[in-house]
Amino acid sequence: MSNRMIAAKALVKCLELEHISTVFGYPGAAVCPLYDELSRSSIEHILVRHEANAGHAASGMARISGKPAVCCATSGPGALNLITAIATAYMDSIPIIAITGQVCTDQIGKDVFQEADITGAAEPFVKHSYLIKDAEALPDTVKKAFYIAATGRPGPVLIDVPFDIQSAEIEFNDDDYSKTVDIRGYKPGTVGNKLQIKRVIEAISEAKRPLICAGGGLFSKNSFRLMIKMAEHCDIPVVNTMMGISTIPSEHPLYHGMIGMHGQKVANRAMNECDLLLLLGARVNDRAVLALESRELKVVHVDIDPAEIGKNLPATIPVVGDIKVVLKQILEQLPQKKHTEWNNELKKQTADNRSSSPAPVDRTSAVNPKSFLKILNRLIPSDSVIVADVGQNQIWTANNIALSGGGRFLTSGGMGTMGYSVPAAIGAKKAAPHREVIAICGDGSFQMQMMELATAIQHGINIKVIIMKNNRLGMVRELQTERYNDNLTAVFLDGSPDFIKIAAAYGINGDYLTDEKEADKALITLLASKKPYILQVEVNESAVSLI
Amino acid sequence: MINKKHTISVLVENHAGVLSRISGLFARRGFNIHSLAVGITENPTISRITIVAEGDDYTLEQIAKQLNKLVDVIKLRSVKNEELLSRELLLIKINCTPAQRPELIAIAEISEAKISDVSQTTMTLELSANQMRISAFEELLKPYGIKEAARTGVIALQKGANSLTG
Ligand SMILES: Cc1ncc(C[n+]2csc(CCOP(=O)(O)OP(=O)(O)O)c2C)c(N)n1
């Protein structure tokens, strides 16, 4: 039976067949055929207020759902606005599908109105991209895009669809939407090499001071559960990268915090004193691994991306494969072990850290971020999603948020993109409407994304936002204090509006918090709100990141 | 670590945009390309790119791994120098008066080059050889005055029965 339709309609059907129920986007002339079809589909379109935020929202959604999420934008400026979000997703290996409109095929290359070579411009930041030149190829391309985005090392895939292609008639039947994908240049491996697995097991058996460094890769198919199992089975302490926060419950007795230049002393000490480092789904970037002193250290590096192994840190035993499969392979043969002495050393230091009270603040009208986060930890539901922005607020949150099993921490780790938290929270909340989703940002980053309050209100997305207000671009201020003789320049946020009044203008309730003693009450109100809610927390302008 | 020249054979999808992906990757990651030659293979949907790049072993490993990550890259192999069957084509136009012709014809003959074009004032020669011989040939012609020269960049296959196919 013949089933003719325009390619835009087929594209929407493909998205439905991929079980996409939400698309974040911003329209324009070049995507009008797609929007026309979207309006008649089962898919809900969330109108963001800037295209980058469509990408970040898709990222937040993908991270919570574990599946690719979709954003779309028009040609030229719309597509260009998406790039930061695409690059942010790329650095953190988040599977998003970006669909952009493009000028008509016969106009490409002529610098016509709103033409931008988006596949070219985004090339360094995509896992793969397609410029559709044949309408009939569109469904197959969508299938491939989802497959590439989700498998192997996940990442963003861009599909650029010229206007005339969207409106061209093609033959499409649901059944044709090919079930299997075969791309000859793309065959991600999954199973770890048996010999290497044997070597890993030997290394673990021989190690006296083994350490697991957990990365964001462990969120893939909930592999973190196997990581915890392995840690418990062999009594191995665990630290994590910023991307790996919430792969293990914060209160777990084997857990010792985040590593790196902004991490915990005990975690970095563990990195420096271990004799076997098991890097699991972590790509160990420059900020994460402080120079590991050249010493007798065995490094086991498990990663799906062979290019990450040996890139920043030489691996003694490289294992390429799907982390879940590899962990299963290891666990099948792993003998139990105890490392009482090694664990006790670390536990003592962690316990001291956890009990130490934060330094008293020198200004009465400010809240200590550490004390505040401890109160937050006590009040939030255990399955909450916390999205930290970038800056001091991110470091405070990363080091002090305590999420028990089921909770999730999100942030822009690799790119450090300010303005990520609110749109990512919107995406996360769409993926998990019943979970509490809280964005934590600075007063600088909030002003890069506050337009998204409208998105939340318009679409009834009940996110909560906590602004750590210090009237400064705090992280840069701190850098200038430490390294540039306190020559503070371009970091003052004078001229900022009253954020609670801004929220009110959007129809959003909020409150100011200037006294730690009021924190409980303020947070209870925030958590009880059935609508978006904003809490502005006054923090000391000279507070440091590591508290 | 020591920098060495490496020859990498890459089989890629034969469609638009692939070359820019590959050259972009080299630029972005700071890999130095000496030469790059592209052409179709026995299979019309596949092109072979021969890249000569310079770097230490770490760089070479990263080049190979990063190239492999490109979806358009089907297969690649870094060919060891001793297993390398490589050729480059040189077209070179030299100043040549009619009186100098016999001399240049003799050089061409010894070097196994071909004479492709002759004018009143120039002679254009063509040589297909490995890079070392091409360079030596150019040196030999320098004294006459080189008007212009074009080199294709190296193409290569592995010696023996082994082959890289899609
Ligand atoms: C888009 C973007 N621009 C600039 C930076 C550089 N940067 C990193 S942290 C920071 C300060 C952030 O200030 P604020 O949001 O107020 O947070 P705070 O550090 O005060 O908690 C800046 C400007 C960045 N990471 N991202």
Side-chain angles (χ1 to χ4, degrees), chain A residues 87 90 93 102 105 108-109 117-134 137 141 144-160 181-189 283 301 303-315 318 320, chain B residues 1-2 6 8-31 33 36 38 40-49 51 53 55-78 163-166:
Chain A
Y90 182 70
S93 312
Q102 181 56 277
T105 33
I108 289 178
D117 171 12
I118 192 62
T119 47
E123 172 56 25
F125 316 116
V126 292
K127 185 167 174 189
H128 196 52
S129 62
Y130 294 96
L131 167 58
I132 309 293
K133 289 185 171 157
D134 168 15
T141 305
K144 283 180 182 162
F146 272 86
Y147 176 68
I148 291 171
T151 54
R153 178 180 181 175
V157 178
L158 170 70
I159 311 175
D160 196 22
V181 175
D182 183 42
I183 307 167
R184 57 186 168 185
Y186 181 73
K187 307 261 183 252
R283 75 187 173 89
H301 194 171
D303 205 294
I304 187 78
D305 181 358
E308 287 304 339
I309 294 178
K311 189 169 91 181
N312 300 328
L313 194 70
V320 176
Chain B
M1 274 196 262
I2 1 157
H6 300 275
I8 310 163
S9 259
V10 192
L11 297 184
V12 300
E13 296 290 344
N14 177 21
H15 57 225
V18 178
L19 191 57
S20 89
R21 284 198 169 121
I22 291 192
S23 55
L25 189 148
F26 273 75
R28 213 158 50 237
R29 301 223 175 238
F31 303 146
I33 300 185
L36 184 151
V38 204
I40 205 155
T41 61
E42 70 286 353
N43 177 342
T45 67
I46 298 177
S47 299
R48 181 190 291 265
I49 302 184
I51 302 170
D56 53 29
D57 290 346
Y58 167 83
T59 309
L60 178 75
E61 190 185 319
Q62 268 295 311
I63 291 178
K65 284 175 168 178
Q66 295 293 347
L67 281 173
N68 255 324
K69 276 171 70 167
L70 295 178
V71 173
D72 287 330
V73 168
I74 301 163
K75 260 183 199 171
L76 67 86
R77 181 182 290 154
S78 169
S163 59
L164 184 65
T165 48

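Small disclaimer: the values here were computed from a predicted structure and weren't measured. Note that these values count all heavy atoms, side chains included, but never hydrogens, waters or copies made by symmetry. So you know, we letter chains A, B, ... as the sequences are listed, proteins then strands, and number each from 1.
- Contacts between A:T119 and chain B at a heavy-atom distance below 4.5 Å are absent for every atom of the residue.
- Interface remark: B:A16 contributes side-chain atoms only to the contact with chain A (heavy atom separation under 4.5 Å).
- A donor-acceptor pair under 3.5 Å is absent between the side-chain atoms of B:K65 and the main chain of A:K311, judged by distance alone.
- Of the atoms belonging to B:V71, heavy atoms from both backbone and side chain fall under 4.5 Å from chain A.
- Put simply, the side chain of B:Q62 gets close to the backbone of A:A307: a donor and an acceptor are under 3.5 Å apart.
- To the nearest 0.5 Å, the span separating CD1 on B:I74 from CD1 on A:I183 amounts to 11.5 Å.
- Using a 4.5 Å cut-off between heavy atoms, A:K127 touches chain B through its backbone atoms (N, CA, C, O) alone.
- For the pair B:E13 and A:R184, the salt-bridge criterion is met [side-chain N within less than 4.0 Å of a carboxylate O].
- A:L131 does not touch chain B: none of its heavy atoms, backbone or side chain, sits under 4.5 Å away.
- Closest non-hydrogen pair, B:E61 versus A:I309, comes out as OE2-O, 4.4 Å.
- In terms of the side chain to side chain contact (heavy atoms under 4.5 Å, CB included) criterion, residue partners of A:A87 (sequence neighbours excluded) are, by chain and number, A:F125, A:M415.
- Around the NZ atom of A:K187, the shell of radius 6.0 Å holds more than 12 heavy atoms that belong to other residues, nucleotides or ligands.
- Looking only at side-chain heavy atoms (C-beta outward), B:R21 and A:H128 come within less than 4.5 Å of each other.
- For a residue to count as touching a neighbouring chain, one of its non-hydrogen atoms must lie under 4.5 Å from one of that chain's; by this rule B:T59 does not touch chain A.
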